[in-house]
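Note sheet for the following structure.
This is a predicted model, so every value here is computed, not measured.
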Amino acid sequence: MFLVGVLYRPPNSNSNIWNLFSESVDKALDCNLWDLFSESVDKSLGCNYPIFLCGDFNCDMMSNTSSSFKKLLNRLNLENVVWESTNFTTQTGTCIDLCVTNRKNLIKSVTILTLLHHCYKPEIPDNNELLPPCHLIKFVINEKEILDQLKILNVNKPAGSEGKHLQYIGCYVDQSTPRTLPDGYLKLEGDMTNDVCLDYCCGSLTTATFMGIEDADHCFCSTVARSTNFVPRNDPDSGLICNIPCSGNQSEICGGFWSLSTYKIGKRR
């Protein structure tokens, strides 16, 4: 059993957020909570299962001003594994994008990747010196350790879209309030396909009945029983039709401007 989470602390948030953070970790280590997920929890371990929490904590670990946060991590038996600057201005670098864990030995490596994130973009300085690059964290967990944890749990892959098939029913208007397919939404620039949308809808909604893709990379889902309230696009001269290729597969059509390529989700026969 292990837990992976993400956190974002707004820069101007008050100190109460750390109380909520502490409560969340305490709950994650509560044996009674683990019982809800698996009967195989070994309570002899005290439910001290691996925890990996990453994100923008907005708390500089290289500054003395973060002493209270460091004390909190110590109380929770969590240790930060990122000790390089991840946020830059023209003058300074701060370490505010962190990964904390109670099982440092499971982390194989931590790498700071150069990406346009937390980037300060002023004009080029007069001396033409290049500014420090912006960075993002990549950490690699020992694969064998994770597989061992999965074997303990006897985890099975969720059913998702397995056993499902799509039936195209037409090009329909996507209304703004409420949306035509209001129960799920995924935007995936560059990688959207019919299968990706199907996997998302069936994975996030166990009773998904319809899905639609709009404007190349916007996937919508619904659990409505019938499509009788859907408004068809029937005026090709308006230009509002489903004619845009999917961003992840140019041979498929993924809707148009406020237009949904709409499919009924059914069981595979």
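- At a threshold of 4.5 Å between side-chain heavy atoms, the hydrophobic network of Ile, Leu, Val, Met, Phe, Trp and Tyr places Ile51 and Phe69 in one connected group.
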Q | Arg226 vs Thr209, side chain to side chain donor-acceptor pair (under 3.5 Å): CA-CA, chis, key distance, verdict | A | CA-CA 8 Å; Arg226 293 176 296 276; Thr209 52; over 6 Å; no
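- No side-chain heavy atom of Ile213 sits less than 4.5 Å from a side-chain heavy atom of Tyr263.
- When side chains are defined from C-beta on, Leu106 counts as touching Phe52, because their heavy atoms get closer than 4.5 Å.
- With 3.5 Å as the limit, one finds no donor-acceptor pair spanning the side chains of Thr193 and Asp195.
- Between Arg9 and Asp56, none of the side-chain N atoms (NZ, or NE/NH1/NH2) sits under 4.0 Å from a carboxylate O, so this pair counts as no salt bridge.
- Cysteines Cys171 and Cys242: SG-SG separation is under 2.5 Å.
- Under a cut-off of 6.0 angstrom, the local environment of CG in Asp235 is crowded, with over 12 non-hydrogen atoms contributed by other residues, nucleotides or ligands.
- Put simply, the side chain of Arg179 never gets that close to the backbone of Cys221: no donor and acceptor are under 3.5 Å apart.
- With no hydrogens or angles considered, no side-chain donor-acceptor pair links Asp60 and Thr94 at under 3.5 Å.
- Taking each heavy atom of Leu98 and Cys59 in turn, the nearest pair found is CD1-O, 4.0 Å.
- Side-chain rings of Phe210 and Phe220 stay apart, their centers remaining 6.0 Å or farther from each other.
- Residues Asn249 and Pro245 form no side-chain contact, since every pair of their non-hydrogen atoms from C-beta on lies 4.5 Å or further apart.
- Taken as a pair, Cys246 and Cys254 meet the criterion of an SG-SG distance shorter than 2.5 angstrom.
- A donor-acceptor distance shorter than 3.5 angstrom exists from the side chain of Asp183 to the backbone of Thr223, with no hydrogens or angles considered.
- Under the 3.5 Å distance criterion, the side-chain polar atoms of Ser259 are matched with a main-chain donor or acceptor of Phe257.
- Contact check for Leu73 versus Met61: side-chain heavy atoms found under the 4.5 Å cut-off.
- You'll find the side chain of Met211 reaches within 4.5 Å of the side chain of Ile265, heavy atoms only.
- The shortest side-chain heavy-atom distance between Asn194 and Leu166 falls under the 4.5 Å cut-off.
- Heavy-atom minimum distance, Leu76 versus Ser22: CD2-OG, 3.9 Å.
- Annotation: side chain of Arg233 is not in contact with side chain of Tyr172 (no heavy-atom distance under 4.5 Å).
- For the cysteine pair Cys197 and Cys219, the distance separating the two SG atoms is below 2.5 Å.
- When atom types are taken as modelled, the side chain of Ser222 and the backbone of Leu181 share no donor-acceptor pair closer than 3.5 angstrom.
- Hydrophobic clustering (ILVMFWY, side-chain heavy atoms < 4.5 Å, transitive): Tyr185 and Met192 are in distinct clusters.
- Residue Lys104 qualifies as open at atom NZ: its count of foreign heavy atoms under 6.0 Å is 12 or below.
- Ser247 contributes atom OG, which lies 6.5 Å from atom CG of Leu188 (distance to the nearest 0.5 angstrom).
- Side chain of Ser85 to backbone of Cys95: no donor-acceptor contact under 3.5 angstrom is found.
- A heavy-atom distance below 4.5 Å is found between the side chains of Phe21 and Phe57.
- Note: the hydrophobic cluster containing Trp83 also contains Leu78 (ILVMFWY, side chain heavy atoms under 4.5 Å, direct or indirect links).
- From Gln250, atom CD reaches atom CD1 of Ile244 across 11.0 Å, with rounding to the nearest 0.5 Å.
- Heavy-atom minimum distance, Glu84 versus Met62: C-CE, 4.3 Å.
- The hydrophobic cluster containing Phe230 does not contain Tyr168, counting ILVMFWY residues as joined when their side-chain heavy atoms lie under 4.5 angstrom apart, directly or transitively.
- Of the possible polar contacts, none joining the Thr101 side chain to the Leu53 backbone as a donor-acceptor pair under 3.5 Å is found.
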